[in-house]
*Asks:* 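Quick one: this structure, given as structure tokens, is what I'll be asking you about.
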Amino acid sequence: MTYSQAVGFLYGVQKHGIKLGLETMRALAERLGNPHRRYRALHIGGTNGKGSTAAMAASILQAAGYRVGLYTSPHLVDFRERIRVNGLMIGEVDVARLTEIVKRLSEPDLLPTFFEYTTAIALQFFADEKVDVAVLEVGLGGRFDATNVVDPAACAITTIAMDHQEYLGTTLESIAFEKAGIVKPSIPVVLGAIEDSARRRIEEIAEERRAPVRRLNVEFSTAGTTDEFCFRSREHMIDGLSSALSGAHQLDNAACAIALIDAAGYAGHPAIDQAVRKGLAEVHWEGRLESVDDRPIVLLDGAHNPAGAAVLAGHLRMLKQGRPARRIILVLGMMRDKDHHGFFRALQGVVDHVLFTQAEHPRSISAGDLQRAVGGWMPEALSVTVPGDALSKARQVAGHDDVICVTGSLMLIGEVKALLRGVGLSPLRG
């Protein structure tokens, strides 16, 4: 296979949708020789924040001198973003080689999904690259997610919120049950900012499995701002920290990343405190309150559910503090299956003008339908179907001191980033 053939094949598999369950993934891993058993793993789930936490943990471990694999989803522009070793994307030749291997091993009886293919490729690539540790972000849920074939040194669940209800259930408790599927017997689990009923459900499961629990603001915490903060736990104290990622919520994610590394036993590394400082200061994670321009400020944020919108709203309020004339101009595009009203409600009172748009993705709600669904709450609103045109219109509307925020979908963020880079967009973004 060439790289383009591999991508085309995977794109074809993606059209078959999502299939939750571990039978195929376990069989596929077995046929590959269980590559995930050749290195340690850290496993991170949650509704929001799991990608940022994974990126932080990987950056810290790399700063400590480990060879680190990082597996995340979805990608924004390039399929290869999903699989990295020490920050470098998997090569095109390796994607083609491993796709062909996994395809051959799956025949004739296995029918892996797109995510199972991708996970198998990642697990094998990390073994080929002889990583010391792989940081794995859960794709969807946890219990039946393809990544759940690993036996991690420690795991984390960052947040629980309403999202993907068609797969995970319609209550926080049911979603917590699915997310807690990554909790393994006797393996430490780190819990982030989780609502009481959902947290108790996870704690019950952890107790059944005799998995030690470390909770944010109980066993560990952070204090300060992203410019300067400290981490505290019962065993560990680190001062003089800063985060390259914007937003007050990143303090919680940083706390979870450090606590996860501690729980996995890396705190004994002689240079770990300095590695935490360096890793957090240098971490790179695109599309999450990412500033790509100033005068006006242009932010790209992949928030796509009400909980994410609430975090975004807090950051936008902070940007308006002391600047009463500053306007917030939203470029908003979402998927059809998301909570449009809940998302937009969280931003009411913060946003001054909205441009509704849509990513070129089969699950996108049209700009017009999105405006009809929520636009009545915002008199200053327009529908501009093409994201690039919507961003151009936002720049025309904005003054030098205003803020343009592109949000509502990581698919939209990827499309805008590709536009800004002047490159083509990989179709595999689900």
Side-chain angles (χ1 to χ4, degrees), residues 11 13-21 45-51 72-76 82 113-116 118 137-146 158-179 181 198 287-288 300-313 330-347 354 356-377 383 385 387 390 406-416 425-430:
Y11 181 51
V13 173
Q14 189 187 39
K15 292 177 182 177
H16 300 315
I18 295 170
K19 179 186 68 181
L20 296 178
T47 304
N48 296 317
K50 60 185 183 292
T72 59
S73 61
H75 64 268
L76 297 179
R82 295 170 179 258
T113 64
F114 164 73
F115 192 70
E116 287 167 338
T118 305
E137 179 193 6
V138 171
L140 176 64
R143 184 164 63 110
F144 293 131
D145 188 76
T158 54
T159 60
I160 300 292
M162 301 301 290
D163 204 4
H164 297 295
Q165 291 96 312
E166 67 274 31
Y167 298 106
L168 306 181
T170 57
T171 67
L172 291 179
E173 292 79 4
S174 65
I175 294 172
F177 173 77
E178 295 296 334
K179 303 283 186 185
R288 282 74 175 178
L300 308 181
D301 190 73
H304 53 271
N305 54 42
V311 170
L312 173 59
L330 211 63
V331 177
L332 179 65
M334 301 185 72
M335 298 295 106
R336 286 193 307 272
D337 57 348
K338 298 302 178 181
D339 181 357
H340 310 127
H341 288 92
F343 185 94
F344 200 75
R345 192 179 300 117
L347 291 160
V354 182
F356 295 98
T357 191
Q358 61 195 75
E360 190 177 343
H361 191 281
R363 286 175 42 229
S364 291
I365 184 173
S366 73
D369 285 347
L370 185 57
Q371 181 172 8
R372 281 186 285 275
V374 300
W377 301 344
S383 289
T385 301
V406 184
T407 189
S409 165
L410 284 167
M411 310 307 155
L412 175 63
I413 299 304
E415 206 161 310
V416 170
L425 185 67
S426 170
L428 295 168
R429 295 183 291 153

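When a residue number appears, it is its place in the shown sequence, counting from 1.
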*Asks:* With side chains defined as the heavy atoms from C-beta onward, is the minimum distance between V354 and F344 less than 4.5 Å?
*Replies:*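 V354 vs F344: side chains touch.
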*Asks:* Do you know the tightest heavy-atom contact between A359 and S364?
*Replies:*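 Between these two residues, the closest heavy atoms are O-OG, 2.9 Å.
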*Asks:* Could you check if a side-chain atom of L370 sits within less than 4.5 angstrom of a side-chain atom of M334, using non-hydrogen atoms only?
*Replies:*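 Yes, at least one pair of side-chain atoms sits under 4.5 Å.
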*Asks:* A side-chain contact here means heavy atoms from C-beta on lying under 4.5 Å apart; do R372 and D369 qualify?
*Replies:*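 SC-SC contact between R372 and D369 confirmed.
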*Asks:* Let me confirm one number: the NE2-CZ distance from H340 to R345, rounded to the nearest 0.5 Å.
*Replies:*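 Going from the NE2 atom of H340 to the CZ atom of R345 covers 12.5 Å.
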*Asks:* Just by modelled atom types, is the G139 backbone N or O under 3.5 Å from a matching donor or acceptor in the D145 side chain?
*Replies:*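 Here the side-chain-to-backbone pair exists.
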*Asks:* Locate the shortest heavy-atom distance separating E415 from E360; write the atom from each residue and the value.
*Replies:*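 Heavy-atom minimum between the residues: OE1-N, 2.7 Å.
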*Asks:* Decide side chain to side chain contact (heavy atoms under 4.5 Å, CB included) for T407 and F343; before the verdict, give the C-alpha distance in whole Å, the side-chain angles of both, and the deciding distance to 0.1 Å.
*Replies:* CA-CA 10 Å; T407 189; F343 185 94; 3.8 Å; yes
*Asks:* For the residue pair V138 and G45, what are the closest heavy atoms and their distance?
*Replies:*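 Closest pair (atom of V138, atom of G45, distance): CG2-CA, 3.8 Å.
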*Asks:* Could you give the distance from NZ (K50) to OG1 (T158), rounded to the nearest 0.5 Å?
*Replies:*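 One gets 7.0 Å once the value is rounded to the nearest 0.5 Å.
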*Asks:* Under the rule for side-chain contact (heavy atoms from CB on, under 4.5 Å), what residues qualify as partners of V311, not counting sequence neighbours?
*Replies:*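 Residues passing side-chain contact (heavy atoms from CB on, under 4.5 Å) with V311: H249.
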*Asks:* Could you walk me through whether R363 and K338 pass the side chain to side chain contact (heavy atoms under 4.5 Å, CB included) test, one step at a time?
*Replies:* CA-CA 10 Å; R363 286 175 42 229; K338 298 302 178 181; 4.2 Å; yes
*Asks:* Hey, does the side chain of E116 reach the backbone of A146 with a donor-acceptor pair shorter than 3.5 angstrom?
*Replies:*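 Between the backbone of A146 and the side chain of E116 there is no qualifying donor-acceptor contact (under 3.5 Å).
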*Asks:* Less than 4.5 Å apart, side chain to side chain, heavy atoms only: is that true for P74 and R82?
*Replies:*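 Yes, side chains in contact.
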*Asks:* Mind checking whether H304 and L412 have side chains closer than 4.5 Å, heavy atoms only?
*Replies:*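 When only atoms from C-beta onward are counted, L412 and H304 do not touch, as no gap falls below 4.5 Å.
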*Asks:* Judged by atom type as modelled, is there a donor-acceptor pair below 3.5 Å linking the side chain of R336 to the main-chain atoms of P362?
*Replies:*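 Here the side-chain-to-backbone pair exists.
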*Asks:* Going by the salt bridge (charged side-chain N to carboxylate O under 4.0 Å, His left out) test, which pairs reach into residues 167-176, not counting sequence neighbours?
*Replies:*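 Salt bridge (charged side-chain N to carboxylate O under 4.0 Å, His left out) check on residues 167-176 returns no pairs.
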*Asks:* State which residues pass side-chain hydrogen bond (donor to acceptor under 3.5 Å, both in side chains) with N48; sequence neighbours excluded, sorted by chain then number.
*Replies:*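 side-chain hydrogen bond (donor to acceptor under 3.5 Å, both in side chains) list for N48, sorted by chain: N305.
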*Asks:* Please report the closest heavy-atom contact between T357 and T385, naming both atoms and the distance.
*Replies:*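 Taking every non-hydrogen atom into account, OG1-O, 2.9 Å.
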*Asks:* Under the criterion side chain to side chain contact (heavy atoms under 4.5 Å, CB included), I'd like the reasoning laid out for V374 against H341: C-alpha separation, chi angles, the key distance, then a yes or no.
*Replies:* CA-CA 6 Å; V374 300; H341 288 92; 4.1 Å; yes
